[in-house]
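Before any comments, here is the structure.
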Amino acid sequence: MAKFLTNREENYSQWYNDLVIKADMAENSAVRGCMVIKPYGYAIWEKIQAELDRRFKATGHVNAYFPLFIPKSFFSREASHVEGFAKECAVVTHYRLKHAPDGKGIIVDPDAKLEEELIVRPTSETIIWNTYKDWIHSYRDLPLLINQWANVVRWEMRTRLFLRTTEFLWQEGHTAHATREEAQQEALMILDLYADFAENYMALPVIKGVKTESEKFAGAIDTYTFEALMQDGKALQGGTSHFLGQNFAKAFDVQFANQEGKLDYVWATSWGVTTRLIGALIMAHADNNGLVLPPRLAPIQVVIIPIYKGNEQLGSISEIANDLRSKLEKAGFSVKYDDRDTQKPGFKFADYELKGVPVRLAIGPRDAENGTVEVARRDTLTKETINRDNVVTHVTALMEEIHQNIYRKAADFRAENTYSVDTWDEFRDIIENKGGFVMAHWDGSTETEEQIKNLTKATVRAIPFNAPAEEGKCVLSGKPSHRRVLFARAY
RNA sequence: CGGGGUGUAGCGCAGUUGGUAGCGUACUACGUUCGGGACGUAGGGGUCGUGUGUUCGAGUCACAUCACCCCGACCA
């Protein structure tokens, strides 16, 4: 099996690329650096969206939509923000095309130059805070809890499907609060929301923490992150939640009258996750047979495949299959009955394994006669035959078990690949030869962090919240440190 | 933006000393198959990335150009 996929152990990044294409999730487009998300990949995104959107609303947020274009001048309002994004902005300079004078093709009309150039949003803080200025006047207008689902553009040098593309989809929450404490709580609450989603929907164990000065969002006071370990030993940042302090409020002059009638700048957060989560899903769980999707995000949770000779057999098996399908659908599962006569069962088995469908039911003449059905699970590739009457209860329990199992596998993998390291030699050896998470002491200085990055390509992924206080010496500089931080090479 | 590589059927590729383009797969039709990626027969599909040049003749040689992929620097 798996002869159609590059072997994961042989060439991890080729395996990943093959998988995205062959599982029909996405492909490169005619536009450099931009991908086409195909229906199967987009269906996963829709599931991610649906659950996150539900959770955002359950915590008091509402959706809105702000413009794709941002006046260039807005960007320069917040100094570190410009600094962070300037190098990767797409800029609209003209608003019209015309036929070339020589009659060959069309050109940008030089007479249609924009008065002020527009930036294609790499993130929306500036346009949103410029708008909030008009919306917020009193403490009664607060908190303002808004999210938007949008596309953004960051002009990247090198791109990879889902992991880094020039244009990508995400959600960005932008909230405004009356007090520092409330904004900080919001940022942390969202981080918890993300982490809970990762664990319960993506079956992905994550580490929550705060970013270092050099890794934090341009314009933030604090950036909170959740980090996951991929199967090649590299870390992937799942998403971030920022406490922005009053930086944007001051830059855009967003003040409100508090209960005493005094003017004060509002406190802000912003937070987002992107289609990159799909990349994380792939790299955390998939194997040499293809995708392994956690049941709660699988577009197809159960596939039913008939095994038959001739039309009358197909007819009677279809009757059973359709009955099972409607029962499963009633129980809340998304089910596909694949009765295509153009593919053989073996082909379908391999194909749905490639696509990571969690549970497969096969019904053949033997099953029809015995009142049974063959149940195969994607995560373990094991099969069993059960009584047809028990299908719904069995599948229901199985889905939960599959979720737990792939979560446990990922958690075990992370445990096996997390090292507590005290010497530089050991640090270097593990980063270079084994990969994984390395918990080590660090003196807290940007210079040391930079040096470690230059020497090993490893960065501080997070200062974990749950790291206990522990006296030690920085793994590189030997200076005192009070806790271990999480190092890894990262996507 | 540096270093390397590739452009020939939807996809993966071959194409010798220059002689008018082929294989696998996919696709279409029909038949036989169907409990782990079936087989037979017939068929359709190409400005050989683009341009210019050399030549009686260019997928093949020369020059130019464009695009994409991989590895680095930058990033979610």
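Basis for what follows: all heavy atoms, side chains included, without hydrogens, waters or symmetry-related copies. Computed from a predicted model, the values in this text were never measured in an experiment.
For the P atoms, the distance from B:U28 to B:G44 is 16 Å, rounded to whole Å. Across B:U20 and B:C56, the matching C1' atoms stand 13 Å from one another, rounded to whole Å. Separating the C1' atom of B:G22 from that of B:G46 is a span of 11 Å, rounded to the nearest Å. To the nearest whole angstrom, the two C1' atoms, one in B:A67 and one in B:U8, are 15 Å apart. Remark: the separation of the C1' atoms in B:U54 and B:C63 is 11 Å, to the nearest Å. Taking atom C1' in both B:C23 and B:A14, the straight-line distance is 7 Å, to the nearest Å. As rounded to the nearest Å, B:G7 and B:G49 have P atoms that lie 8 Å from one another. Rounded to a whole angstrom, the distance from the P atom of B:A21 to that of B:A29 is 29 Å.
Residue contacts for A:G310: at a heavy-atom cut-off of 4.0 Å it reaches a base atom on one of the strands shown. A:F168 comes within 4.0 angstrom of a nucleotide base, judged by non-hydrogen atoms across all strands. Contacts of A:L163 with the nucleic acid, taken as non-hydrogen atoms under 4.0 Å apart, include base atoms. Residue-level contact check: A:E156 touches the bases, meaning some heavy atom is under 4.0 Å from a base atom. Among the protein residues, A:S29 comes within range of no part of the nucleic acid, since none of its heavy atoms lies under 4.0 Å from any strand. Nucleic acid contact for A:R340: none, since no nucleic acid atom lies under 4.0 Å from a heavy atom of the residue. Within 4.0 Å (heavy atoms only), A:P365 reaches at least one base atom of the nucleic acid. Counting non-hydrogen atoms under 4.0 angstrom, A:Q313 reaches nothing in the nucleic acid.
Using a 4.5 Å cut-off on side-chain heavy atoms (C-beta onward), A:K87 and A:R154 make no contact. Side-chain contact check for A:I190 versus A:Y224: every heavy-atom pair is 4.5 Å or farther apart.
Between B:A73, B:C34, B:G35, one nucleotide has an atom nearer to the side chain of A:K457 than all others, and that is B:A73. Residue A:T274 places its side chain closer to B:A76 than to any other of B:A76, B:G35, B:G37. Comparing B:A76, B:C34, B:G36 by their closest approach to the side chain of A:R276 singles out B:A76.
Residue A:G33 is the one, among A:G33 and A:G84, whose nearest nucleotide of RNA chain B lies closer to the 5' end (criterion: closest heavy atom). Toward the 5′ end of RNA chain B lies the nearest nucleotide of A:D351, the other residue of the pair A:T166 and A:D351 mapping further downstream.
Checked against A:V335 for a side chain to side chain contact (heavy atoms under 4.5 Å, CB included), the options A:L361, A:V303, A:I304 give a single hit: A:I304. The residue from A:T223, A:D222, A:V210, A:L188 that alone fulfils the side chain to side chain contact (heavy atoms under 4.5 Å, CB included) condition with A:F243 is A:D222.
Side-chain atoms of A:Y352 and A:D338 form a donor-acceptor pair, as typed in the model, at a separation below 3.5 Å. A donor-acceptor pair shorter than 3.5 Å can be found between the side chains of A:Q171 and A:N147. Side-chain contact of A:N7 with A:Y12: a donor-acceptor pair under 3.5 Å is absent, judged by distance alone.
Between A:N28 and B:C68 there is no side-chain N or O to OP1 or OP2 distance below 4.0 Å. Residue A:K344 places none of its side-chain N or O atoms closer than 4.0 Å to OP1 or OP2 of B:G37.
For an aromatic pair to be called close, the ring centres must be under 6.0 Å apart, and A:H81 with A:F75 satisfies this. The distance between the ring centers of A:Y491 and A:F162 does not fall below 6.0 angstrom.
Protein atom CD of A:E88 is 12 Å distant from nucleotide atom P of B:C74, rounded to whole Å. Put simply, CZ on A:F347 is 12 Å from P on B:G37, counting in whole angstrom units. Remark: C1' of B:G10 and CD of A:E27 are 11 Å apart, rounded to the nearest angstrom. Taking atom CE of residue A:M157 and atom P of nucleotide B:C74, one finds them 10 Å apart after rounding to whole Å. Distance, A:D367 CG to B:G35 P: 13 Å, rounded to whole Å. In this entry the distance linking NZ of A:K87 with P of B:A73 reads 14 Å, nearest Å. Computed from coordinates, the A:K216 NZ to B:A76 P distance equals 14 Å when rounded to whole Å. If you take NE2 of A:H81 and C1' of B:A76, they are 14 Å apart, rounded to a whole angstrom.
Counting atom types as modelled, A:E353 pairs a side-chain N or O with a base atom of B:G36 as donor and acceptor under 3.5 Å. Within 3.5 Å, a donor on the side chain of A:K383 pairs with an acceptor on the base of B:G36, or the reverse.
Between A:F427 and A:F487, the angle of the ring planes goes over 60°, which puts this pair in the perpendicular group of the 30/60° scheme. Using cut-offs of 30° and 60° for the angle between ring planes, the A:Y132 and A:W129 rings count as perpendicular.
Listed by first residue number, the stems of RNA chain B with at least three Watson-Crick or G-U pairs below 3.5 Å are B:1-7 with B:66-72, B:10-13 with B:22-25, B:27-32 with B:38-43, B:49-53 with B:61-65.
A heavy-atom distance below 4.0 Å to RNA chain B is reached by these residues of residues 13-24 of chain A, ordered by number: A:S13, A:N17.
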### Task
Quick one: do A:I37 and A:L169 satisfy side chain to side chain contact (heavy atoms under 4.5 Å, CB included)? Show the steps, please.
CA-CA 10 Å; A:I37 304 176; A:L169 305 183; 4.0 Å; yes

